[in-house]
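Everything on this sheet refers to the single structure shown next.
Each ligand, and each atom within it, is numbered from 1 in the order the structure gives.
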Amino acid sequence: MRMYDLIMKKRNGGELTEEEIYFMIDGYVNGEIPDYQMSAMMMAVYFVGMNEKETLYLTMAMANSGEMLDLSMIEGVKVDKHSTGGVGDKTSLALTPMVAACGVKIAKMSGRGLGHTGGTIDKLESFEGFSTGITTEEFIKNVNEIGISIMGQTKDLAPADKLLYALRDVTATVDNMSLIASSIMSKKLAAGADAIVLDVKTGSGAFMKSKEDAFSLAAEMVKIGKNAGRTMMAVISDMDQPLGNAVGNALEVKEAIATLRGNGPKDFTDLCMTLGSCMLQAANVAGSHEEALQMLQSVIDNGSALEKLADFIEAQGGNRQMVYEEELLPCAQLIIPVYAPVTGYIRKITCDEVGICSLILGGGRETKESVIDLSVGIVLDKKVCDFVYDGEIIAYIHANDMEKAEICKERLLQAYEIGDEKPEPNDIVYGILK
Ligand code: URA
């Protein structure tokens, strides 16, 4: 078999067989197939596409390119959750303790942020001493004992995806449905959970700008997971403006804690309840959406969801007291209000721009080596559809450097569009697929 022939076959609209896809992935990981041939193949796939079977084979070949985590030592149904990412997306921080407090076993792998989107691991490191650099044995022990553990992605998890993603990133071949679906699902399948709940974002701050594409991506991933024998559910949710109010690591942790106390922003709380309901149903812990919602509300009301977060933080070396005393979490020195420049309705808040503002303040990573400032970020006081008067506060900038805060302020004002006409409100959840 020759890679040249496979590139030609795909370029001419052909269908790759399982054997050919394994040959290509194994050869690329072993270094036998060079980057330039794989780049040509990715571009051919980008234009010609892959059918359902090819996408499944590609996913399985990438999942099998490294270690497949064995979670059989954990009793019960293990549930994982994955978000396609966005600005202010602190969902895992509030959702996983809520669901674990209802008796579901959460075994989750998370990543760090890069560019203007944040990562769960960075946010969790706001808790002094907390580490996701635990061994697989500790991971399994924690899930068994307290019902929840989150670890960083191991080097051996789907190494083919790591290589391919880096290649796609520099060859303009990221935004292809089959390539995104197989990339995400290869990691999720290798991470070993029995049930996977996906949060597929759509809007200006998401990979999938249109709802139609988001539904297609969700359907493709659900199909792949089911074909691989996993229980699958996907929620399609809005990312046309930042989720909740807080953007920035420790600020998002504080908002997640407020949500676990029952005081979170409505859009964020509603999304957590929907995803939580899916996770409870996927784990067969709740028989219906209504029952799941009741269970989730009761663990918020009786404090056990917050307690679960503290147990989880402590089990991974963190200071549990920080869950109860917010002032112990990292705090920025400067809190600067941003005022509305005109009177009117907030018509739009460009997600990516708000993410970039946090990056400018030092809250994000420009390169993998950057050291981030966990305390900085933005708290949006007004969101889309709110009416504001000229001079009214619309947001607060949390900063440690006045010069950066000024640049951020200029940019944040550009992110807001204020006009006379009230826009149609977006739903936070557009639909659920299973
Ligand atoms: N996230 C991934 O893990 N892979 C993609 O291709 C896109 C988003």
Side-chain angles (χ1 to χ4, degrees), residues 21 25 28-29 38-39 41-47 49-50 54-63 65-66 69 80-87 89 91-92 108-122 150-193 196-210 213-225 228 230 232 234-237 239 351-352 355 364-365 368:
I21 288 175
I25 294 299
Y28 188 52
V29 173
M38 193 51 113
S39 304
M41 175 60 90
M42 289 297 105
M43 196 53 88
V45 169
Y46 183 88
F47 282 114
M50 277 184 152
E54 290 174 292
T55 308
L56 176 65
Y57 298 147
L58 178 61
T59 310
M60 296 316 294
M62 292 203 292
S65 67
L69 221 64
D80 195 353
K81 169 254 166 196
H82 179 83
S83 156
T84 57
V87 177
D89 187 3
T91 311
S92 293
K108 180 165 167 49
M109 288 219 180
S110 285
R112 292 188 183 276
L114 187 63
H116 69 278
T117 60
T120 301
I121 295 184
D122 296 324
I150 297 183
M151 76 190 279
Q153 224 156 282
T154 61
K155 231 180 37 266
D156 292 334
L157 192 97
D161 175 63
K162 220 163 274 159
L163 292 171
L164 260 189
Y165 192 82
L167 188 74
R168 287 166 55 215
D169 207 19
V170 292
T171 54
T173 51
V174 168
D175 51 340
N176 169 275
M177 199 86 75
S178 292
L179 296 179
I180 295 177
S182 55
S183 165
I184 293 174
M185 287 307 294
S186 64
K187 287 173 284 208
K188 290 288 114 182
L189 296 181
I196 302 163
V197 174
L198 302 166
D199 179 9
V200 180
K201 306 283 192 193
T202 177
S204 67
F207 265 120
M208 296 293 130
K209 305 292 174 206
S210 76
D213 283 350
F215 272 90
S216 302
L217 176 63
E220 187 126 11
M221 293 195 286
V222 165
K223 231 181 288 161
I224 293 171
R230 312 296 168 96
M232 296 295 302
V235 173
I236 294 84
S237 72
M239 190 37 78
C351 260
D352 295 9
R365 226 179 244 105
K368 280 187 192 148

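Within the 4.0 Å heavy-atom cutoff, Ile180 counts among the residues contacting ligand 1.
In terms of polar-atom proximity, defined here as any N/O pair under 3.5 Å, Tyr165 makes no such contact with ligand 1.
The shortest contact between atom 3 (O) of ligand 1 and any protein heavy atom is with Lys187 NZ, 2.5 Å. Scanning the protein for heavy atoms near atom 1 (N) of ligand 1, the closest one is Ile184 CG1, 3.8 Å. Residue, atom and distance of the protein heavy atom nearest to atom 8 (C) of ligand 1 are Phe207 CE1, 3.3 Å.
Of the listed residues (Ser183, Ala181, Ser186), the one carrying the non-hydrogen atom nearest atom 4 (N) of ligand 1 is Ser183. With distances taken over non-hydrogen atoms, the option nearest atom 6 (O) of ligand 1 out of Met185, Lys188, Arg168 is Arg168.
Although no hydrogens or angles enter the test, the distance criterion places no donor-acceptor pair under 3.5 Å between the side chain of Thr59 and the main chain of Met185. Lys81 places no side-chain N or O within donor-acceptor distance of the main-chain N or O of Lys108, the cut-off being under 3.5 Å. Counting only distance, with no hydrogens or angles, the side chain of Lys201 and the backbone of Gly85 share no donor-acceptor pair below 3.5 Å. Of the possible donor and acceptor atoms, none in the side chain of Arg230 sits under 3.5 Å from a partner among the backbone N and O of Ile196.
When every heavy atom of Ser186 is checked against every heavy atom of Ala158, the shortest pair comes out as OG-CB, 4.1 Å.
By the 4.5 Å heavy-atom criterion applied to side chains, Ser183 and Arg168 are counted as neighbours.
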